[in-house]
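FYI, side chains are in, hydrogens and waters are out, and symmetry mates aren't considered; it's all heavy atoms of this structure.
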Amino acid sequence: MTTPQEILEWIKRDNIQLIDLKFIDTPGIWQHLTLYQDQIDESSFSVGVPFDGSSIRGWKSINESDMLMVPDPDTAWIDPFYEVPTLSLICSIREPRTGEPYGRDPRSIAQKAVDYLKSTGIGDTAFFGPEAEFFLFDSVRFDQTQNSGYYYVDSDEGIWNSGREEPGGNLGYKPRNKEGYFPVAPTDTSQDIRSEMLLTMLKIGVPIEKHHHEVATGGQCELGFRFGKLVQAADWLLTYKYVIKNVARKHGKSATFMPKPVFGDNGSGMHVHQSIWNNGEPTFAGDKYAGLSQNALWYIGGILKHAPSLLAFTNPTTNSYKRLVPGFEAPVNLAYSQGNRSASVRIPLSGPNPKAKRLEFRCPDATSNPYLAFAAMLLAGIDGIKNQIDPGEPLDVDIYELSPEELSKVPSTPGSLRDALENLERDHEFLTAGNVFPEDFIESWITYKLDREVIPVSIRPHPYEFLLYYDC
């Protein structure tokens with residue numbers, strides 16, 4: 001644990017002149033404010049630093065805009081992308097007049113979820129380990145006007161460039177669709193960039209594990225870091241995205257966590273490993289299916305029952321549902337299995353070590369706000385344990401070998417963000433337990449997503465509609 005005093009001594013010892021305070025808005029994008037060193041003192045870590053919250057998406061109106069950023073000293077690192085040495089700190093948000101956590105601050109909601117877990121007696125620690133995939137592009141162009149709309153993404157690795165004339169000649173070695181998993185150089189062209197990303201994460205305190213090329217053509221990749229406690233894991237994920245985007249830009253590339261930027265190949269997901277511990281002991285290991293405990297099975301039951309509404313937070317964009325379609329290893333089936341990757345919940349191989357026993361929810365993607373997504377998953381699991389929700393029988397068969405009659409018995413994920421939001425409107429009591437998600441926050445989330453994303457996308461002509469209908 002790092003104390004405020006240690007942070008202040010660090011600033012003084014190394015004469016760090018600038019301090020960057022980062023916090024997350026409701027949709028899930030980091031915001032920041034940079035202060036000179038004399039603007040930070042010990043009270044900043046308890047009372048907070050004032051700022052105007054009226055321009056932050058989904059937050060305060062202009063007549064009640066004052067808010068406080070409270071830095072967490074455990075999140076300190078020197079930003080590797082600034083020319084001037086700058087200390088970075090991640091903040092939670094508080095109300096200026098009461099000092100209470102702001103009800104719409106995602107990081108505070110995540111902490112309330114952990115506090116609620118402790119109050120139930122089910123456990124005292126929730127561990128989360130996200131695996132976020134992304135694409136590296138060499139060119140990105142898009143626009144939307146009254147009379148036009150298009151996007152264009154390109155990657156030197158894309159199989160669509162196999163016939164392109166290139167400087168020095170086209171040398172081939174472009175991974176075919178669904179054949180991008182683990183190729184060596186020269187097919188894998190981003191090894192050195194990924195290595196720099198991974199080691200940069202290590203340098204600023206994220207415990208790293210691995211990196212590799214992913215399944216899709218066109219530069220799909222993944223880096224791995226260790227699991228952490230819920231709030232910590234969300235902090236690390238945002239740091240992960242920040243590092244990946246900035247290292248990519250340094251090398252003249254653009255990184256995106258958009259779930260489905262390329263048609264006809266795998267999209268980018270974010271499988272989330274999770275478990276509950278109590279008094280230093282794992283609670284998900286037992287003698288049930290795949291070595292799980294009864295509590296773990298009930299936790300899965302909660303995830304599966306609430307998944308149609310849960311996806312409004314774990315898959316919160318219209319583009320999310322262009323990934324969740326059959327045929328691309330997409331986890332569209334609301335079932336669990338120890339091996340079937342088309343099931344939405346998988347129990348990874350963990351060997352004889354009970355501390356490694358966990359489950360993996362495969363639906364989420366990295367467009368989600370991790371504080372909200374992790375908190376929502378934990379609350380769905382807790383509801384499953386409290387109400388002893390039976391997850392049913394595991395789906396240990398090849399889903400593509402099932403007959404239409406058998407397949408009809410397996411529930412599926414929502415087909416669109418609108419469907420997920422409608423499910424959230426009907427089913428959200430599990431989120432308001434312990435007042436973790438305030439009712440008005442859920443209402444504002446639904447309204448924001450409908451008004452800013454679902455409806456604007458639905459009323460605009462799509463380029464493919466011209467191919468289908470222009471000559472009608």
Side-chain angles (χ1 to χ4, degrees), residues 25-31 54-59 61-62 133-166 174 177 216-220 241 245 248-249 252-269 311-312 315-325 327-328 330 365-369 413-422 424-425 444-472:
D25 66 8
T26 301
I29 303 297
W30 253 354
Q31 313 293 313
S54 63
S55 296
I56 305 302
R57 294 181 294 177
W59 282 17
S61 58
I62 195 168
E133 299 164 338
F134 59 95
F135 278 87
L136 284 177
F137 292 128
D138 294 287
S139 177
V140 182
R141 292 183 287 116
F142 51 87
D143 199 6
Q144 180 72 58
T145 68
Q146 185 176 9
N147 68 319
S148 68
Y150 76 94
Y151 70 90
Y152 180 87
V153 296
D154 200 12
S155 165
D156 291 342
E157 283 191 5
I159 188 62
W160 54 82
N161 283 324
S162 61
R164 182 180 68 175
E165 291 189 9
E166 297 179 344
K174 303 181 191 301
N177 289 337
T217 190
Q220 191 183 37
K241 294 175 72 172
K245 290 177 181 179
R249 184 178 180 86
K253 293 181 180 289
S254 178
T256 180
F257 292 85
M258 189 174 176
K260 196 73 171 182
V262 173
F263 171 69
D265 208 343
N266 285 28
S268 294
L311 264 63
N315 302 73
T317 67
T318 58
N319 187 255
S320 297
Y321 299 85
K322 291 178 170 59
R323 164 183 167 255
L324 292 177
V325 295
F328 298 94
D365 63 59
T367 60
S368 60
N369 183 319
T413 53
S416 68
L417 179 57
R418 184 188 291 273
D419 290 345
L421 293 169
E422 290 174 353
L424 178 62
E425 193 168 23
S444 68
W445 179 266
I446 293 171
T447 300
Y448 180 94
K449 286 290 174 178
L450 285 173
D451 291 350
R452 301 284 189 93
E453 299 176 34
V454 173
I455 294 173
V457 168
S458 69
I459 63 176
R460 281 168 168 76
H462 189 284
Y464 196 63
E465 290 178 310
F466 282 80
L467 180 66
L468 292 173
Y469 310 128
Y470 188 78
D471 61 349
C472 64

Please name the pair of heavy atoms, one in [X] and one in [Y], separated by the smallest distance, quoted to 0.1 Å.
X: A216; Y: F135; result: CB-CZ, 3.7 Å
X: D365; Y: P316; result: OD1-CD, 4.2 Å
X: R418; Y: S458; result: NH2-OG, 4.3 Å
X: P261; Y: Y151; result: O-CE1, 4.0 Å
X: L311; Y: P414; result: CD2-CD, 3.8 Å
X: T217; Y: E157; result: OG1-O, 3.3 Å

Classify the side-chain pair [X]/[Y] by whether it contains a donor and acceptor separated by less than 3.5 Å.
X: W59; Y: T26; value: yes
X: T447; Y: S444; value: no
X: Q220; Y: S268; value: yes

Taking salt bridge (charged side-chain N to carboxylate O under 4.0 Å, His left out) as the test, write out the residues that go with K253, two or more places apart. D138

Under the criterion side-chain contact (heavy atoms from CB on, under 4.5 Å), which of T318, T367, L324 is the partner of P259? T367

Is it true that a side-chain atom of [X] and a backbone atom of [Y] form a donor plus acceptor pair closer than 3.5 Å?
X: K322; Y: V262; value: no
X: Y321; Y: A420; value: no
X: K241; Y: T256; value: no
X: N161; Y: R164; value: no

Are more than 12 heavy atoms from other residues, nucleotides or ligands located less than 6.0 Å from atom CZ of F263? no

Can you run down the side chain to side chain donor-acceptor pair (under 3.5 Å) pairs that involve residues 139-148, sequence neighbours left out, and say none if there aren't any? T145-N147, T145-S148

When rounded to the nearest 0.5 angstrom, what is the spacing between [atom1] in [X] and [atom2] in [Y]?
X: L424; Y: W445; atom1: CG; atom2: CH2; answer: 9.5 Å
X: N266; Y: N177; atom1: CG; atom2: CG; answer: 9.0 Å
X: L450; Y: E425; atom1: CG; atom2: CD; answer: 8.0 Å
X: L417; Y: L421; atom1: CG; atom2: CG; answer: 4.0 Å
X: F142; Y: Y152; atom1: CZ; atom2: OH; answer: 15.0 Å
X: D154; Y: F137; atom1: CG; atom2: CZ; answer: 9.0 Å

Taking the side chain as every heavy atom from C-beta outward, state whether S254 and R249 have any pair of such atoms under 4.5 Å apart. no

Would you say that F134 contacts M258 through its side chain, given a criterion of any heavy-atom pair below 4.5 Å between the two side chains? no

Sequence neighbours excluded and cut-off under 3.5 Å, please list the side-chain donor-acceptor pairs for residues 460-471, or say none.
unit_1	atom_1	unit_2	atom_2	d
R460	NH1	P456	O	2.9
H462	ND1	Y464	N	2.9
E465	OE1	H462	N	2.6

Run the salt bridge (Lys or Arg N to Asp or Glu O under 4.0 Å) check on E166 and K174 step by step: do they pass? CA-CA 13 Å; E166 297 179 344; K174 303 181 191 301; 3.2 Å; yes

